[in-house]
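Below is one structure, written out as structure tokens; the observations come after it.
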Amino acid sequence: MDGGNYSVVSEFLLLGLTSSWKFQILLFLFFTIFYIASMLGNLLIVLTIISEHHLHSPMYFLLANLSFIDTGVSSIATPKMIYDLFRKHKTISFKGCITQMFFIHTVGGTEMVLLIVMAYDRYVAICKPLHYLTIMSLRMCTFLLTVAWTIGLIHSVAQLAFVVNLPFCGPNKMDSFYCDFPRFIKLACTDTYRLEFLVTANSGFISMGTFFILIASYIFILVTVRKHSSGSSSKALSTLSAHITVVIFFFGPCIIVYVWPFPTLPIDKFLAIFDAIITPLMNPIIYTFRNKEMKVAMKRLFGKVLSVRKSSFMHNLRNSDSC
Ligand SMILES: *[C@@H]1O[C@H](CO)[C@@H](O)[C@H](O)[C@H]1NC(C)=O
């Protein structure tokens with residue numbers, strides 16, 4: 001197929017979330033606050049875990065990697081959306097659109113696999129505690145993370161390969177605030193039935209499949225915890241409920257958007273807000289407010305930063321004294 005001859009559309013027009021001014025101001029405040037909070041929160045988690053040696057365990061390494069991925073998730077569509085809120089013509093170039101879809105699916109696919117890895121880590125820690133350190137070694141952890149990124153990349157490229165050469169001859173209006181396969185494919189001027197099926201099969205399958213694997217493994221872990229209920233089980237339960245909350249917030253919208261993507265529902269674009277903005281903030285909230293070890297570590301990190309600043313301040317004072 002020679003797409004070049006047909007492609008008269010070089011950019012797309014995003015319709016955004018709303019055209020009401022008042023609502024736009026509200027959204028602007030809401031998105032800006034959420035975006036800044038989730039970037040700061042996630043970076044703080046990564047910094048805390050990297051700088052605290054006693055948090056150098058598989059569980060916290062995986063958490064740091066999840067936070068790192070979440071800074072990516074929230075940075076793909078949100079900054080442009082905030083910038084677009086007050087633009088009359090919210091345009092995005094063809095290349096920009098492809099780039100957004102590439103990153104959304106690479107990072108999203110990786111996050112899904114990472115959540116399975118985290119569930120597996122909890123399974124080993126709770127059900128095989130004596131073998132935990134030998135099974136979840138640092139090498140295993142790094143290996144599983146590499147697998148997660150590879151699957152994410154393959155998942156993304158496998159869909160992009162089919163759509164980069166699609167012919168577009170107008171219209172170019174996309175009723176959303178970012179580019180994604182369902183609405184993108186719909187605008188192509190060709191028979192898209194098979195492509196629609198492909199996206200449902202790929203993205204729909206990976207989100208449904210991962211969701212069921214996760215729910216099944218958490219039920220399994222919960223049952224095991226209840227059988228061996230002891231002093232440590234309440235801590236395990238709180239960690240698990242944190243994981244399960246993230247899973248439900250992350251997959252709920254994904255499944256609705258991808259499993260029944262055609263016809264695209266008007267509500268899809270509002271659901272996407274969850275994955276783009278709200279879910280990335282879940283980690284910092286859950287792990288900073290509810291996890292004692294993280295709280296203590298963060299306090300110590302702040303203490304260190306403050307004392308370094310204080311001592312360099314004193315140092316400067318002394319130096320300025322002498323001259
Ligand atoms: C991700 O996990 C690895 C351990 O496998 C760790 O060395 C690395 O620092 C983590 N990355 C981030 C960004 O925390």
Side-chain angles (χ1 to χ4, degrees), residues 12-39 41-42 69-92 96-97 99-101 103-105 107-109 111-112 115 159 171-187 196 199-200 202-204 206-208 210-211 244-286:
F12 296 98
L13 209 57
L14 299 171
L15 296 185
L17 285 168
T18 168
S19 50
S20 136
W21 251 89
K22 273 186 201 155
F23 202 42
Q24 266 172 351
I25 292 174
L26 204 71
L27 286 180
F28 176 77
L29 292 176
F30 174 78
F31 290 147
T32 311
I33 292 170
F34 265 66
Y35 179 62
I36 293 174
S38 81
M39 287 304 273
N42 281 306
I69 290 179
D70 273 342
T71 60
V73 169
S74 52
S75 299
I76 297 169
T78 315
K80 175 163 168 50
M81 177 185 53
I82 293 174
Y83 169 65
D84 275 348
L85 271 173
F86 296 108
R87 273 171 93 207
K88 203 159 184 198
H89 293 286
K90 312 175 201 307
T91 51
I92 183 165
C97 209
T99 312
Q100 264 193 352
M101 294 192 290
F103 281 112
I104 288 173
H105 283 266
V107 169
E111 176 152 349
M112 289 192 182
L115 288 171
Q159 291 177 103
N172 67 343
K173 285 198 183 84
M174 215 180 271
D175 183 18
S176 183
F177 62 91
Y178 68 109
C179 279
D180 201 4
F181 290 114
R183 290 176 207 274
F184 182 79
I185 290 175
K186 252 179 127 180
L187 292 178
E196 294 175 7
V199 167
T200 312
N202 189 334
S203 286
I206 197 171
S207 34
M208 282 282 265
T210 317
F211 181 70
I244 293 170
T245 317
V246 172
V247 165
I248 289 173
F249 266 80
F250 186 68
F251 286 91
C254 269
I255 289 177
I256 298 174
V257 171
Y258 293 116
V259 177
W260 289 280
F262 302 100
T264 41
L265 307 168
I267 193 164
D268 278 5
K269 63 178 178 182
F270 293 101
L271 285 174
I273 294 175
F274 275 91
D275 280 336
I277 295 166
I278 298 174
T279 320
L281 191 56
M282 297 296 290
N283 272 331
I285 291 178
I286 288 172

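Hydrogens, waters and symmetry mates are skipped; everything else that's a heavy atom, side chains included, is used.
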*Give a yes or no on whether F86 atom CZ has more than 12 heavy-atom contacts from other residues, nucleotides or ligands under 6.0 Å away.*
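Check passes, neighbour count above 12.
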
Distance-minimising heavy-atom pair for [X] and [Y]:
| X | Y | result |
| --- | --- | --- |
| V246 | T279 | O-CG2, 4.3 Å |
| L187 | N172 | CD1-C, 4.1 Å |
| A77 | Q100 | CA-NE2, 4.0 Å |
| P79 | S74 | CD-O, 3.8 Å |
| Q159 | N202 | CG-ND2, 3.2 Å |

Which residues satisfy the ring pair (Phe, Tyr, Trp, His ring centres under 6.0 Å) test with [X], sequence neighbours excluded?
| X | answer |
| --- | --- |
| F31 | none |
| F177 | none |
| F103 | none |

To the nearest 0.5 Å, what is the distance between [atom1] ([X]) and [atom2] ([Y])?
| X | Y | atom1 | atom2 | result |
| --- | --- | --- | --- | --- |
| M101 | C97 | CE | SG | 5.0 Å |
| I206 | C254 | CD1 | SG | 10.0 Å |
| T32 | M81 | OG1 | CE | 8.5 Å |
| M39 | D70 | CE | CG | 10.5 Å |
| N42 | T71 | CG | OG1 | 6.5 Å |

*What salt bridge (charged side-chain N to carboxylate O under 4.0 Å, His left out) pairs are there with at least one residue in residues 269-280, not counting sequence neighbours?*
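Residue pairs passing salt bridge (charged side-chain N to carboxylate O under 4.0 Å, His left out), neighbours aside: D175-K269.
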
*Stepwise side chain to side chain contact (heavy atoms under 4.5 Å, CB included) test for Y178 and L14*: CA-CA 7 Å; Y178 68 109; L14 299 171; 5.7 Å; no

*What pairs meet the side chain to side chain donor-acceptor pair (under 3.5 Å) rule with one or both residues in residues 75-85, with sequence neighbours excluded?*
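Listed by first then second residue: Y35-S75, K80-D84, D84-R87.
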
_I want to check something: taking the side chain as every heavy atom from C-beta on, are I185 and V199 in contact at a cut-off of under 4.5 Å?_
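Yes, their side chains come closer than 4.5 Å.
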
*With sequence neighbours left out, write down each residue that passes side-chain hydrogen bond (donor to acceptor under 3.5 Å, both in side chains) with D180, or none if nothing qualifies.*
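side-chain hydrogen bond (donor to acceptor under 3.5 Å, both in side chains) check on D180 returns H105, Y258.
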
Who pairs with [X] by side chain to side chain contact (heavy atoms under 4.5 Å, CB included), at least two apart in sequence or on another chain?
| X | answer |
| --- | --- |
| F270 | L17, I273 |
| T245 | F249, M282, I286 |
| I285 | L281, F289 |
| I255 | S207, M208, F211, F251, V259 |

*Decide yes or no on side chain to side chain contact (heavy atoms under 4.5 Å, CB included) for L115 and T210, but give the supporting numbers first.*
CA-CA 9 Å; L115 288 171; T210 317; 5.7 Å; no

